[in-house]
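Comments concern the structure below.
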Amino acid sequence: MCMMNHHYEELEESYLFAGIADRIRRYSAAHPQQRILRLGIGDVSQPLTESVIQALHEAVDDQAVKKTFHGYMPECGSEDLRKTIAAYYRKKGCNIGEQEVFVSSGASDELGDILHLFDRSIPVLLSQPAYPAYADANIMDGRKIIYLWAEEGNGFRVFPPKEEMTSLIYICSPNNPTGAVYEKELLQAWVDYAIRTDSIILFDAAYEAYIADEDIPHSIFELRGAKDCAIEICSLSKTAGFTGTRCGYTVIPEKLTREGMNLNTMWIRNRTTRTNGVSYILQKGAEAVFSEKGQKEVKNLIGIYRHNAKIFMRALDEAGLWYIGGRNAPYIWVRCPNGMSSWDYFDFLLEKAQIVGTPGSGFGPAGEGYIRFSMFADAKDIEEAGSRIIQMELK
Ligand code: PLP
């Protein structure tokens with residue numbers, strides 16, 4: 001008999017985006033003249049920047065000429081890109097060497113693949129609400145998940161638990177969906193906890209480029225002792241608009257060991273066995289992101305989404321709605337007014353103001369009663385959505 005991985009049967013059916021699409025379809029069919037403002041999806045709306053496009057074109061041309069043609073790339077990433085990313089970390093004050101950087105096809109791939117390094121008996125500590133891939137990747141693996149509840153009282157961040165246990169700890173800062181950020185002291189508390197308990201932190205830094213406040217760490221490696229207990233997973237998706245282009249990076253310190261096994265060495269073995277690397281063309285495009293011109297362009301790009309957030313936060317303030325996020329993240333997490341549930345408020349907004357958000361309950365039960373708005377939407381839509389919310393709330 002071909003035995004299957006029955007842990008897949010434990011996955012909850014995700015109705016979130018299908019549910020949203022279905023409601024929009026029905027509403028549009030009934031009201032074809034209404035313009036719907038979509039602030040739901042966490043995908044970028046701005047195109048790749050000039051430097052990236054130029055580098056991609058040049059790399060395509062390289063592939064047309066025997067002298068500059070590249071076949072298989074090194075599985076862990078091109079030397080140039082690894083060096084460039086390590087230098088980017090050093091600028092942030094993190095002592096990262098190129099051998100500690102692994103170029104990837106994006107954060108989602110790595111967040112699940114990295115689990116291969118760990119025994120399935122190790123539990124996972126996961127804050128709620130959360131980016132759904134963390135839980136699902138671990139459920140597929142049959143790992144036990146211990147949820148830590150993030151809520152208004154703790155600023156939608158979680159603190160190390162009283163119980164000292166060896167675990168895999170996911171931390172996402174700036175956070176999707178809440179936009180909350182972990183300040184230095186709190187991250188240090190997690191690093192200290194991980195060292196004390198022999199745990200490993202999987203730090204998701206996908207939104208690090210959105211941090212505006214100076215005292216918020218961009219990388220877990222800004223913290224004392226992190227190289228003894230953490231892996232960082234990052235991506236150019238939200239930094240440079242690579243959601244459809246695909247390139248990211250993972251940092252595994254060379255000194256990181258558990259049970260006498262070196263995680264950096266294990267990951268080299270994993271990548272050289274299970275991948276054939278990221279394409280030459282994409283890595284050239286990624287390299288351009290880190291050039292002086294590329295960094296300026298990325299700043300401008302993020303500035304567009306940041307401006308969106310400012311406009312929308314102003315509207316929420318005027319409407320008197322409670323929210324978190326927006327300042328250091330492209331997401332704004334709003335408490336549904338009048339005790340409405342996430343889906344009730346979703347329906348209400350669609351029906352009364354033709355605004356689409358993402359129901360917070362779709363990110364786990366701790367998200368019930370909240371809704372997430374994405375600042376990746378078009379500036380005009382954000383402005384219009386803000387005005388409609390003000391009008392509705394002040395009526
Ligand atoms: N991590 C978080 C917190 C995200 O929100 C996302 C995408 O939305 C990802 C990772 C995935 O990024 P990538 O496009 O690099 O797979």
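The chain is numbered in sequence order, starting from 1. For ligands, and for the atoms within them, numbers begin at 1 and follow the listed sequence.
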Lys/Arg N to Asp/Glu carboxylate O, D109 vs R246, below 4.0 Å: yes
Atom indices of ligand 1 within 4.0 angstrom of Y134 heavy atoms, with elements: 3 (C)
Residue-ligand contact F376/ligand 1, heavy atom below 4.0 Å: no
N or O contact, A107 vs ligand 1, cut-off under 3.5 Å: yes
N-O pairing of K284 and E58 below 4.0 Å: no
Protein heavy atom at shortest distance from atom 9 (C) of ligand 1: Y131 OH, 3.4 Å
Ligand 1 contact by G248, heavy-atom criterion under 4.0 angstrom: no
Pair R388 + E384, salt bridge at N-O below 4.0 Å: yes
contact_flag F242 ligand 1 heavy-atom lt 4.0 Å: no
Salt bridge flag under 4.0 Å for residues D378 and R38: no
Polar atom proximity, K238 to ligand 1 (N or O, under 3.5 Å): yes
Atoms of ligand 1, numbered as shown, that sit under 4.0 Å from any heavy atom of C172: 3 (C)
S78 side chain to D80 side chain, donor-acceptor N/O pair below 3.5 angstrom: no
Shortest reach to atom 15 (O) of ligand 1 by a heavy atom, considering only G42, A133, S235, C234: S235
Contact check: S108 vs ligand 1, nitrogen or oxygen atoms, below 3.5 angstrom: yes
Side chain proximity check, Y170 to Y131, heavy atoms < 4.5 angstrom: no
Residue and atom name of the nearest protein heavy atom (relative to atom 14 (O) of ligand 1), distance in Å to one decimal: S237 OG, 2.6 Å
Pair Q283, E287: side-chain N/O donor-acceptor within cut-off below 3.5 Å: no
Proximity to ligand 1 by part of Y170, non-hydrogen separation under 4.0 Å: neither
Nearest option to atom 2 (C) of ligand 1, as decided by whichever heavy atom of T245, N176, D204 sits closest: D204
salt_bridge(D22, R26) N-O dist < 4.0 Å: yes
Where ligand 1 meets R246 - atom numbers and elements under 4.0 angstrom, heavy-atom basis: 13 (P), 14 (O), 15 (O), 16 (O)
Heavy atoms of other groups near K184 NZ, more than 12 under 6.0 Å: no
